[in-house]
Amino acid sequence: MPPPDTGIPEWDRARLEQGLRGCDSRALVAFYAHFRPILGDRAQLFGIPPGDRADAIETFLGDLLLSLCSANELPRSLHAYVFVSFRRFATRLKRADVARTDSLQDVETDQPNCGPPPDEDAIPPGNESLTRFSLALIKDLSADERLMLAAAAEEMPLRELAVLLHVNYNAANTRLCRLRSRLRAMASTIVSRMDLRDRQVVERFLRRAGANQLEDTALDRRDQKQRRSTNG
């Protein structure tokens, strides 16, 4: 008997999708039991400290299951989706640790040894604002679109992404460019609806990230090369 396309024993794609959508405890347990030991090895590979691995995997799998249970369909490649998402999750953990360390160093350097603590209301919001923005941005994305976004964040080669999406290179490039354009349009709408404090943080982040630089897309770079070739 051939193995199920999900890789999870006794759970083919249709049954697993139905079970997750209905929050069937047997499907949740099967998913968890299958991926937890695999992610234990990945956690070491991605540099998550030993003491943090168990909590990191629990948090990741819990959030991922919530996402999959509310999705319209499962990703085409379930294992690839889980691994790419976990790598991105591990990267966020490391960045958060670095940010916390930098913040503590800044406080120790800039704060006087005496005097009242700073007014908490005067401290601009940070990660919470960006988290609210990110959740709103990806809320309505499909499983494939979330996979594309995670792959782009991890700078996965486009040919590898094409394999995960089961399309050719040009189709993957087109889909990625369309997703970027859609996210830019959505970002403007989402930011306009945020309160002033959140909006200031998110706009500052987007300016630093160069979110409005359309020439950064693959298609624009290709167009620039073509223009240079024509003019040269």
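Heavy atoms only: backbone and side chains are in, while hydrogens, waters and symmetry mates are out.
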Tell me whether Arg146 forms a cation-pi arrangement with Tyr81, defined as NZ or CZ under 6.0 Å from the six-membered ring centre and within 45 degrees of its axis. no

Gln18 CD to Arg21 CZ distance, which is reported to the nearest 0.5 Å: 8.5 Å

Please state whether the rings of Phe89 and Phe60 are parallel, tilted or perpendicular, taking 30° and 60° as the class boundaries. tilted

Fit a plane to each ring of Phe86 and Phe46, take the angle between them on a 0 to 90° scale, and name the class: parallel (under 30°), tilted (30 to 60°) or perpendicular (over 60°). tilted

Mind checking whether [X] and [Y] sit in one hydrophobic cluster, side chains of I, L, V, M, F, W, Y counted as touching below 4.5 Å?
X	Y	value
Tyr169	Leu179	yes
Ile138	Phe205	yes
Leu45	Leu61	yes

Evaluate side-chain contact (heavy atoms from CB on, under 4.5 Å) for Leu20 paired with Leu16, printing each intermediate quantity in order. CA-CA 6 Å; Leu20 292 179; Leu16 181 63; 4.1 Å; yes

Salt-bridge test for [X] and [Y]: reply yes if a basic N is under 4.0 Å from a carboxylate O, no otherwise.
X	Y	answer
Asp24	Arg26	yes
Arg36	Glu58	yes
Arg182	Glu145	yes

Apply side-chain contact (heavy atoms from CB on, under 4.5 Å) to Val167 and Arg76, showing your working. CA-CA 11 Å; Val167 299; Arg76 293 185 183 182; 4.3 Å; yes

Return yes if some donor-acceptor pair links the side-chain N/O of [X] with the main-chain N/O of [Y] below 3.5 Å, else return no.
X	Y	value
Ser85	Val82	no
Arg193	Ser188	no
Thr6	Asp12	no

Working for side-chain contact (heavy atoms from CB on, under 4.5 Å), residues Leu39 and Phe83: CA-CA 8 Å; Leu39 294 183; Phe83 296 155; 4.3 Å; yes

Any idea which heavy atoms bring Ala43 and Arg53 closest together, and the distance? CB-CG, 3.8 Å

Minimum-distance pair of heavy atoms, taken over all atoms of Cys23 and Leu28: O-CD1, 4.2 Å

